[in-house]
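Keep in mind that this is a model prediction, so the values were computed, not measured. To find a chain, count down the sequence lines: A is the first, B the second, and so on, and within it residues start at 1. Below, each value reflects all heavy atoms present in this structure, side chains not excepted, and no hydrogens, waters or symmetry copies.
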Protein chains: 2
Amino acid sequence: MSPRNSSRTAGAGRASTDLDGAGRAGGAGAGVVADGARPARMSSEERRAQILAASIAVFGAKGYDGATTDDLAQAAGVSQAYVVRMFGSKQGLFMAAMESVADRLEVDFRAALDEADAALPVGATDEQRTHARKEAMSVAYLRLLQERGLHLTMQHAFLRGGDPAIGPVARASFGRIWRFIREDAGFDAEFGKSFLSYGMLLNTLIGLRMVDTDGTGEADELLALCFPDLDAVAGVVPRADERW
Amino acid sequence: MSPRNSSRTAGAGRASTDLDGAGRAGGAGAGVVADGARPARMSSEERRAQILAASIAVFGAKGYDGATTDDLAQAAGVSQAYVVRMFGSKQGLFMAAMESVADRLEVDFRAALDEADAALPVGATDEQRTHARKEAMSVAYLRLLQERGLHLTMQHAFLRGGDPAIGPVARASFGRIWRFIREDAGFDAEFGKSFLSYGMLLNTLIGLRMVDTDGTGEADELLALCFPDLDAVAGVVPRADERW
DNA sequence: CGTTGCGGTAATCAGTTGATTACAACCGAC
DNA sequence: GTCGGTTGTAATCAACTGATTACCGCAACG
């Protein structure tokens with residue numbers, strides 16, 4: 001009966017009425033294009049990446065239960081039916097998103113450590129090296145705030161340990177990060193604990209949208225302690241009024 | 001048409017997780033009773049407390065979006081319509097639950113500090129006293145694991161900063177705890193930060209249901225570091241297979 | 001040329017779910 | 001004993017949502 005929620009259909013508008021110019025887009029490039037933009041056909045691999053990125057943003061803002069497959073689809077610019085089919089289910093998409101997040105964390109951490117090593121002056125002590133590497137980890141973690149929703153998607157996943165399907169994936173992701181810190185990076189357990197603690201506190205402050213709520217200043221003393229460069233962060237972090 | 005989900009009605013549904021003693025005795029009988037038992041009429045104040053306790057357990061396990069008003073009602077042993085009417089809306093109930101959690105945290109922290117002071121040997125140094133008080137905070141926080149769902153309800157609330165109604169309540173609760181640590185308890189900001197960090201990491205591990213998943217042992221080195229008495233905790237914390 | 005496969009959507013279904021309404025049982029006060 | 005405020009419920013509504021189905025259009029290929 002009802003045409004379903006107005007925007008359940010795919011974003012780019014006119015789909016079926018395509019008859020007109022029907023133009024066609026430059027095949028090869030498959031650019032992101034904006035313009036008056038065509039729906040643009042792309043490889044399923046590209047679409048997959050696009051949907052994953054959009055999902056991370058949306059899941060981060062609304063959580064697993066709070067995000068509808070329609071939200072996800074709209075954010076990615078495709079139809080609701082498509083996301084469901086491509087990932088089998090909303091659950092499948094969430095698990096893929098979480099794995100994507102863990103991948104990204106590992107990649108960025110590894111790169112940060114390599115850079116820290118490369119930037120080390122010749123003849124630096126082990127202690128100096130370790131310190132630089134620890135610092136690099138934190139910086140990398142904060143820099144990832146630019147990846148919309150990454151921290152919060154992770155946080156939402158970490159609350160779903162009781163889900164028979166998602167739980168194992170979430171634990172595995174957490175486990176990977178821990179293993180990276182201990183084995184690949186070679187930090188001691190004590191640092192591992194405090195680094196993760198710090199990370200979870202940051203995630204919490206972000207989830208609370210405390211960075212920015214310039215009003216009350218509930219605990220901006222804590223904010224200042226947690227975010228070395230608060231101003232820089234404030235421009236990137238999700239705002240309180242931004243439902244998403 | 002359909003009589004709604006079988007258990008949407010109240011029925012003699014078992015009282016929530018909390019022992020029957022629950023909030024305390026007080027009232028004349030108000031037995032929880034089992035038997036063939038009548039639902040038993042109670043004062044709205046008692047009901048309110050009962051629903052709140054049940055809600056903390058359920059919201060902790062399923063989150064705000066994941067918990068249905070029917071889940072909440074069943075856990076409290078009342079009808080779905082009743083919880084909605086008593087708190088106005090599911091949102092209202094969640095906000096009340098979060099405030100209840102913050103109250104409980106503050107009360108227990110305060111009591112723990114008082115006890116620590118009382119237990120201090122005469123002539124103890126300031127440093128000894130501070131150390132004992134810090135230790136008492138952590139112990140109190142872990143002991144609160146017995147309050148089913150408290151940590152996870154908090155954690156869920158901390159992810160809803162973007163909600164126009166819940167966000168302010170969540171931030172206020174967090175702010176209260178921070179203010180308690182800094183002003184009432186008088187700890188320095190550095191401790192405040194590391195205490196909260198530790199707390200958020202604990203909440204994460206609990207949300208992941210990592211305590212217990214005896215299987216993989218993803219990161220039990222970390223668990224051992226975080227939980228001073230892991231065995232004691234394992235009996236209380238929600239298990240992975242326990243959807244709620 | 002046709003046909004086969006794939007990217008992609010509209011329409012729709014079936015099950016949920018928060019809220020509302022109307023009504024029932026109970027208890028204390030007068 | 002009955003009247004009124006409460007405690008509490010069954011039934012239902014209207015909206016939403018994840019998934020499924022059936023279909024469209026393009027491109028490459030033989």
Side-chain angles (χ1 to χ4, degrees), chain A residues 1-28 30 38-51 55 58 62 64-74 76-94, chain B residues 1-13 27-30 38-48 50-51 55 58 62 64-74 76-94 165:
Chain A
M1 312 264 189
S2 60
R4 172 71 115 161
N5 188 334
S6 54
S7 50
R8 178 108 186 220
T9 58
R14 52 232 316 351
S16 55
T17 25
D18 207 17
L19 328 193
D20 56 43
R24 340 190 10 294
R38 322 248 82 215
R41 199 177 160 104
M42 47 177 88
S43 76
S44 80
E45 202 178 342
E46 279 176 309
R47 266 300 180 220
R48 189 184 160 86
Q50 189 182 48
I51 294 176
S55 296
V58 175
K62 304 196 172 191
Y64 177 71
D65 293 304
T68 68
T69 53
D70 202 34
D71 291 332
L72 272 352
Q74 276 181 251
V78 296
S79 69
Q80 181 260 350
Y82 192 51
V83 292
V84 172
R85 202 184 49 187
M86 175 167 270
F87 291 89
S89 65
K90 176 175 154 178
Q91 193 179 70
L93 173 52
F94 186 75
Chain B
M1 305 275 192
S2 60
R4 177 68 118 160
N5 189 336
S6 55
S7 49
R8 179 109 185 222
T9 58
R38 316 254 77 208
R41 200 180 159 100
M42 49 177 88
S43 76
S44 79
E45 202 178 341
E46 278 176 310
R47 266 301 180 221
R48 190 184 159 86
Q50 190 182 48
I51 294 176
S55 296
V58 175
K62 304 194 173 194
Y64 177 73
D65 292 305
T68 68
T69 53
D70 201 33
D71 291 332
L72 271 354
Q74 276 182 251
V78 296
S79 70
Q80 181 262 350
Y82 193 50
V83 292
V84 172
R85 201 184 48 189
M86 175 166 270
F87 291 88
S89 64
K90 176 175 156 180
Q91 193 179 70
L93 174 51
F94 186 75

Over how many whole Å does the gap from [X] atom [atom1] to [N] atom [atom2] extend?
{"X": "K90(A)", "N": "dT16(C)", "atom1": "NZ", "atom2": "P", "answer": "15 Å"}
{"X": "E45(A)", "N": "dG8(C)", "atom1": "CD", "atom2": "P", "answer": "13 Å"}
{"X": "I51(A)", "N": "dG7(C)", "atom1": "CD1", "atom2": "P", "answer": "11 Å"}
{"X": "D65(B)", "N": "dT16(C)", "atom1": "CG", "atom2": "C1'", "answer": "14 Å"}
{"X": "D70(A)", "N": "dA10(C)", "atom1": "CG", "atom2": "P", "answer": "11 Å"}
{"X": "M42(B)", "N": "dG8(D)", "atom1": "CE", "atom2": "C1'", "answer": "12 Å"}

(request) Identify, between T68(A) and V84(A), the residue whose nearest nucleotide on DNA chain D lies closer to the 5' end. (result) T68(A)
(message) S89(A): which residues meet the side-chain contact (heavy atoms from CB on, under 4.5 Å) condition with it, sequence neighbours left out?
(response) Q91(A)
(message) According to side-chain contact (heavy atoms from CB on, under 4.5 Å), who are the partners of A76(A), at least two apart in sequence or on a separate chain?
(response) I51(A), A54(A), V78(A)
Pick out the pairs of N or O atoms, protein on one side and nucleotides 1-6 of chain D on the other, that lie under 3.5 Å.
from: dT6(D); atom 1: O2; to: R41(B); atom 2: NH2; distance (Å): 2.6

(request) Drop me the distance from R48(A)'s CZ to M42(A)'s CE, to the nearest 0.5 angstrom. (result) 15.0 Å
(message) Let me confirm one number: the CD-CG distance from Q80(B) to D70(B), rounded to the nearest 0.5 Å.
(response) 6.0 Å
(message) Need one value for A73(B): base, sugar-phosphate or nothing, where a base atom within 4.0 Å counts as base even if backbone is also close, heavy atoms only.
(response) nothing
Looking at the side chain of [X], which of [options] is the nearest nucleotide?
{"X": "R85(A)", "options": "dG18(C), dG18(D), dA22(D)", "result": "dA22(D)"}
{"X": "V78(B)", "options": "dT9(D), dG18(D), dG8(C)", "result": "dT9(D)"}
{"X": "Q80(A)", "options": "dA19(C), dG18(D), dA10(C)", "result": "dG18(D)"}

(request) Please name all residues satisfying ring-ring contact (aromatic ring centres under 6.0 Å, His included) with Y64(B), sequence neighbours left out, ordered by chain then number. (result) F94(B)
(message) For a quick test of reading the model: is some side-chain N or O of Y82(A) closer than 4.0 Å to OP1 or OP2 of dT9(C)?
(response) no
(message) Does dG18(D) have OP1 or OP2 under 4.0 Å away from a side-chain N or O of S89(A)?
(response) no
(message) When you measure from the side chain of K90(B) to the backbone of A67(B), do you find a donor-acceptor pair of N or O atoms at a distance under 3.5 Å?
(response) yes
(message) So if I apply the side chain to side chain contact (heavy atoms under 4.5 Å, CB included) rule between S43(A) and each of E46(A), R47(A), R41(A), which one comes out positive?
(response) E46(A)
(request) Tell whether R47(B) reaches the base of dG8(D) with its side chain through a donor-acceptor pair below 3.5 angstrom. (result) no
